[in-house]
Structure formats: C-alpha cells, structure tokens
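The basis for the numbers below is simple: all heavy atoms, side chains too, and nothing from hydrogens, waters or symmetry mates. Numbers here simply count residues along the sequence, with the first being 1.
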Amino acid sequence: MCYSFFPCEINFQCRDVELMEKLDYSSTVVLLGYSLIVAILRSCNLRDDAARVMVTAPVLAFVTTHIMFQNFYKLNYGWNMIVCVFMAVLQLLIWAIFGRVTRHPSRWKLWLVVVAGGLSMLLKICDFPPYEGYVDAHALWHATTVPLTYIWWSFVRDDAAFRTMNLLKKAK
C-alpha cells in the first residue's frame, strides 16, 4: 500500500516505473548542480566571465556524466543518493560560510534555510515508515520544502535589492 502526504507523491510511489525513476533522479541532480553553481558564483561574487566558466564547466561536466551514467549504464539509487547528498551538503556549507562572512541584512534568513535545510535533509536520508499509517519521513521532507522555499525566495528577493542598492551607491 502507498502512503504519502501529497497526492502526486502517491501516484509516483505506486506507479514506480524505470522512466519515472530516471526522470526523478536526473531532475534532482540537475537542480542540485545548478544550485551549487549559483551558490559558488554568488558567495564568491564572481563577475569575470572566465572565472564563471571555470566554476560552471566542471560542475556541468560532473552533472552530465552522472546523469548519463545513471540513465544509460546503471540506475543506482544508492550512488545517486551519495552524489545528491554530497552536492547538497557542499551547497549548504558554501551558504553557511557566506552567511558567516557577509554583513547582509537578511543573513538570518539564509541561516534559517541552511539549518532547516540541513535538518530536513536528514528526513530524506534517515527514512522511517509511515507513523500510524499516515505520514512517513519522505512526506515530511516534502512538507518542509514549502516553508523553506518561501524563506529562500524571500532571501533571494532581499539579496537582489541589497545588491542593486550597493551598485547604485557605487555608480554615484
């Protein structure tokens, strides 16, 4: 029997076919790879095109190679989980360091996302069966993404305003 907090997750878990697994794993790795690139570029304040390419190219090569390995050689959940956790932890560490060294006015939002994101990642890693037959760790992990996304977007909006204000000050 399939238990989940979200109806779309019920459909995914109950009708688990190889194509759906490949799409799920691939999209997760692409999202984490893109987020890792953004974390590096923003935290290091890289503006030179050559520096951006030097950061982006290896991450894109790694993500592409991983996706091709998973889709055309061997679909391996364990290996995919290791890769995803590595990229997520690296991203959280980069944002944590950025939050520590910056004087950004909304850095508390960044810290909240880093800490809560790290804790929610434990729900994904340390899976447990449905409690009382209703909610399992995976469903709770999905539920945590809703407020985290809102807080993260709030930080991104504040960061854009902060950077724009600083650029306007420098232009004067």
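Between atom CG of residue L112 and atom CD1 of residue I151 there is a gap of 4.5 Å, rounded to the nearest 0.5 Å. One finds the CZ atom of R47 at 4.5 Å from the CG atom of N45 (value rounded to the nearest 0.5 Å). In this structure, OG1 on T144 lies 6.0 Å from CG on L123, to the nearest 0.5 angstrom. Here the CG-CD distance, from L75 to E21, works out to 5.5 Å after rounding to the nearest 0.5 Å. To the nearest 0.5 Å, the span separating CD1 on I40 from CH2 on W95 amounts to 10.5 Å. Separation of atoms OG (S120) and CG (L140) is listed at 10.5 Å; rounding is to 0.5 Å.
Residues F162 and V113 do not share a hydrophobic cluster, clusters being chains of Ile/Leu/Val/Met/Phe/Trp/Tyr side chains in contact below 4.5 Å. Residue I37 is not grouped with residue L93 when hydrophobic side chains (ILVMFWY) are merged at heavy-atom distances under 4.5 angstrom, including chains of intermediate members. Residues L90 and V55 fall within the same hydrophobic cluster, defined by Ile, Leu, Val, Met, Phe, Trp and Tyr side chains chained together at heavy-atom separations under 4.5 Å. Hydrophobic clustering (ILVMFWY, side-chain heavy atoms < 4.5 Å, transitive): I82 and V63 are in one cluster. Cluster membership for Y73 and V83, using ILVMFWY side-chain heavy atoms within less than 4.5 angstrom, is shared.
For F128, the CZ atom sits in a packed shell: over 12 heavy atoms of surrounding residues, nucleotides or ligands are nearer than 6.0 Å. Few gaps surround CZ on R163; more than 12 heavy atoms of other groups in view lie less than 6.0 Å from it. Taking a 6.0 Å sphere around CE of M165, one finds it holds more than 12 heavy atoms contributed by other residues, nucleotides or ligands. For M81, the CE atom sits in a packed shell: over 12 heavy atoms of surrounding residues, nucleotides or ligands are nearer than 6.0 Å.
Closest of all the heavy-atom pairs between T65 and A61 is OG1-O, 2.7 Å. Across all non-hydrogen atoms, the minimal contact from V53 to P58 is O-CD, 4.0 Å. Closest of all the heavy-atom pairs between C126 and A137 is O-CB, 4.1 Å. Between H66 and N80, the closest heavy-atom pair is NE2-OD1, 2.8 Å. Residue M87 comes nearest to F62 through the heavy atom pair SD-CE2, 4.3 Å, listed as atom of the first residue, atom of the second, then distance. Pairing each heavy atom of T28 with each of D24, the nearest pair is OG1-O, 2.8 Å.
Using modelled atom types and a 3.5 Å distance limit, the side chains of D158 and H104 yield no donor-acceptor pair. Checked by atom type, the side-chain pair S106/D159 shows no donor-acceptor distance below 3.5 Å.
A donor-acceptor pair under 3.5 Å is formed between the side chain of Q70 and the backbone N or O of N76. Using modelled atom types, one side-chain atom of T164 and one backbone atom of A160 make a donor-acceptor pair closer than 3.5 Å. For T56 (side chain) and R52 (main-chain N/O), a donor-acceptor pair under 3.5 Å exists by modelled atom type. Using modelled atom types, no side-chain atom of T102 and backbone atom of G99 make a donor-acceptor pair closer than 3.5 Å.
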Note to self: Checking V115 against L92 for the side chain to side chain contact (heavy atoms under 4.5 Å, CB included) test, could you report, in this order, the C-alpha distance in whole Å, the side-chain angles of both residues, the deciding distance, and whether it holds?
What the structure shows: CA-CA 8 Å; V115 172; L92 287 175; over 6 Å; no
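A ring-centre distance under 6.0 Å is found for W152 and F155.
Residues V29 and C84 are in side-chain contact: their nearest non-hydrogen atoms beyond the backbone lie under 4.5 Å apart.
Using cut-offs of 30° and 60° for the angle between ring planes, the H138 and W141 rings count as tilted.
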